[in-house]
Amino acid sequence: MTDALLARRREAGSPVDPEVAWAWGRIVVSRGLVRGDELAAELGWSRKRLWSRFRSQIGLPPKRAVKLVRFDHAAHRLVAGQDAARVAADSGYADQSHLHRDVVAFTGVTPATVAGEPFLAVDDIAWTSQETPAKTYASGVLRR
């Protein structure tokens, strides 16, 4: 959704600072495993400057963007049939209960239930391959 927002802003003439676009790209590539202060340091900006620009141009602060990207990656791995404990460990959560809290906060259901949620099973935007999570899981092949 954020990629679509950035594209619409670009078309509408509301340019996104290259630094903010770079920070967003870094968050996505890291699958939400980068810290906001690391982004600010890599840009040579203060944390406050990054937060202000990021929030005004993206619509949420970098910390929230990191959390959403990390959750998105983890949720799709759950849909692909991976064990919640392994997903939590590999996705940067402190433990399985940390993953559980984020899943419940973002979806209203538990990690065990989120795997069957139809909104994730048809989401081909978040997956870079041509296969949707449902097809990937059905074929028995797990893609990262």
Side-chain angles (χ1 to χ4, degrees), residues 1-10 14 16-144:
M1 287 192 293
T2 306
D3 287 338
L5 171 70
L6 292 174
R8 283 194 307 272
R9 282 192 172 189
R10 183 177 53 235
S14 302
V16 174
D17 290 343
E19 296 87 355
V20 172
W22 176 87
W24 169 252
R26 179 92 161 75
I27 291 169
V28 171
V29 167
S30 76
R31 296 180 176 162
L33 295 177
V34 66
R35 294 177 45 97
D37 18 345
E38 289 174 25
L39 293 171
E42 289 177 31
L43 286 168
W45 283 4
S46 69
R47 181 183 172 278
K48 186 176 180 177
R49 181 177 184 187
L50 175 62
W51 260 242
S52 173
R53 294 238 180 129
F54 200 95
R55 185 177 192 120
S56 71
Q57 295 178 26
I58 304 272
L60 63 158
K63 184 174 182 176
R64 183 74 168 172
V66 164
K67 190 174 184 177
L68 285 168
V69 169
R70 182 180 61 206
F71 160 76
D72 181 67
H73 176 69
H76 283 87
R77 289 184 63 187
L78 291 169
V79 169
Q82 294 184 19
D83 176 67
R86 171 61 38 210
V87 171
D90 292 345
S91 299
Y93 288 94
D95 53 27
Q96 189 172 344
S97 64
H98 184 200
L99 169 66
H100 182 92
R101 284 190 303 273
D102 269 8
V103 170
V104 171
F106 287 122
T107 67
V109 298
T110 65
T113 306
V114 81
E117 288 295 316
F119 76 93
L120 287 170
V122 298
D123 183 9
D124 59 355
I125 295 172
W127 289 81
T128 56
S129 73
Q130 297 290 37
E131 295 188 32
T132 64
K135 289 180 189 174
T136 302
Y137 181 67
S139 69
V141 177
L142 296 178
R143 301 212 189 267
R144 288 185 178 204

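The aromatic rings of Phe71 and Phe106 sit tilted, their planes meeting at an angle between 30° and 60°.
Note: Ile58 CD1 to Trp24 CH2 = 6.5 Å, rounded to the nearest 0.5 Å. Leu99 CG to Arg70 CZ: the interatomic distance, rounded to the nearest 0.5 Å, is 9.0 Å. Atom CZ in Arg26 sits 10.0 Å away from atom CG in Leu33 (nearest 0.5 Å). Atoms NE2 and CD, on His100 and Gln96 in that order, are 9.0 Å from each other to the nearest 0.5 Å.
Scanning for side-chain hydrogen bond (donor to acceptor under 3.5 Å, both in side chains) contacts around Trp51 gives an empty result, with sequence neighbours left out. Not counting sequence neighbours, the partners of Asp17 by the side-chain hydrogen bond (donor to acceptor under 3.5 Å, both in side chains) test are Arg53, Gln57. Under the rule for a side-chain hydrogen bond (donor to acceptor under 3.5 Å, both in side chains), Arg47 has no partner lying at least two apart in sequence or in another chain.
In terms of heavy atoms, Val103 sits closest to Leu78 at CG2-CD1, 4.2 Å. The two residues Phe54 and Ile27 come nearest to each other via the heavy atoms CZ-CD1, 3.8 Å. Nearest heavy atom pair, residue Trp45 against residue Leu50, reads CE3-CA, 3.7 Å. Nearest heavy atoms, Asp95 versus His98: OD1-N, 2.9 Å.
With respect to Asp90, the side chain to side chain donor-acceptor pair (under 3.5 Å) criterion is satisfied by exactly one of Arg77, His73, Arg31: Arg77.
A donor-acceptor contact shorter than 3.5 Å is absent between the side chain of Ser52 and the backbone of Lys48. Side chain of Thr107 to backbone of Val109: a donor-acceptor contact under 3.5 angstrom is found. Between the side chain of Ser91 and the backbone N or O of Ala88, no donor-acceptor pair lies under 3.5 Å.
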Worked verdict on Glu42 versus Glu38 for side-chain contact (heavy atoms from CB on, under 4.5 Å): CA-CA 6 Å; Glu42 289 177 31; Glu38 289 174 25; 4.3 Å; yes
Verdict with reasoning, Leu39 to Trp22, per side-chain contact (heavy atoms from CB on, under 4.5 Å): CA-CA 9 Å; Leu39 293 171; Trp22 176 87; 4.1 Å; yes
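A 6.0 Å sphere centred on CZ of Arg35 holds no more than 12 heavy atoms belonging to other residues, nucleotides or ligands.
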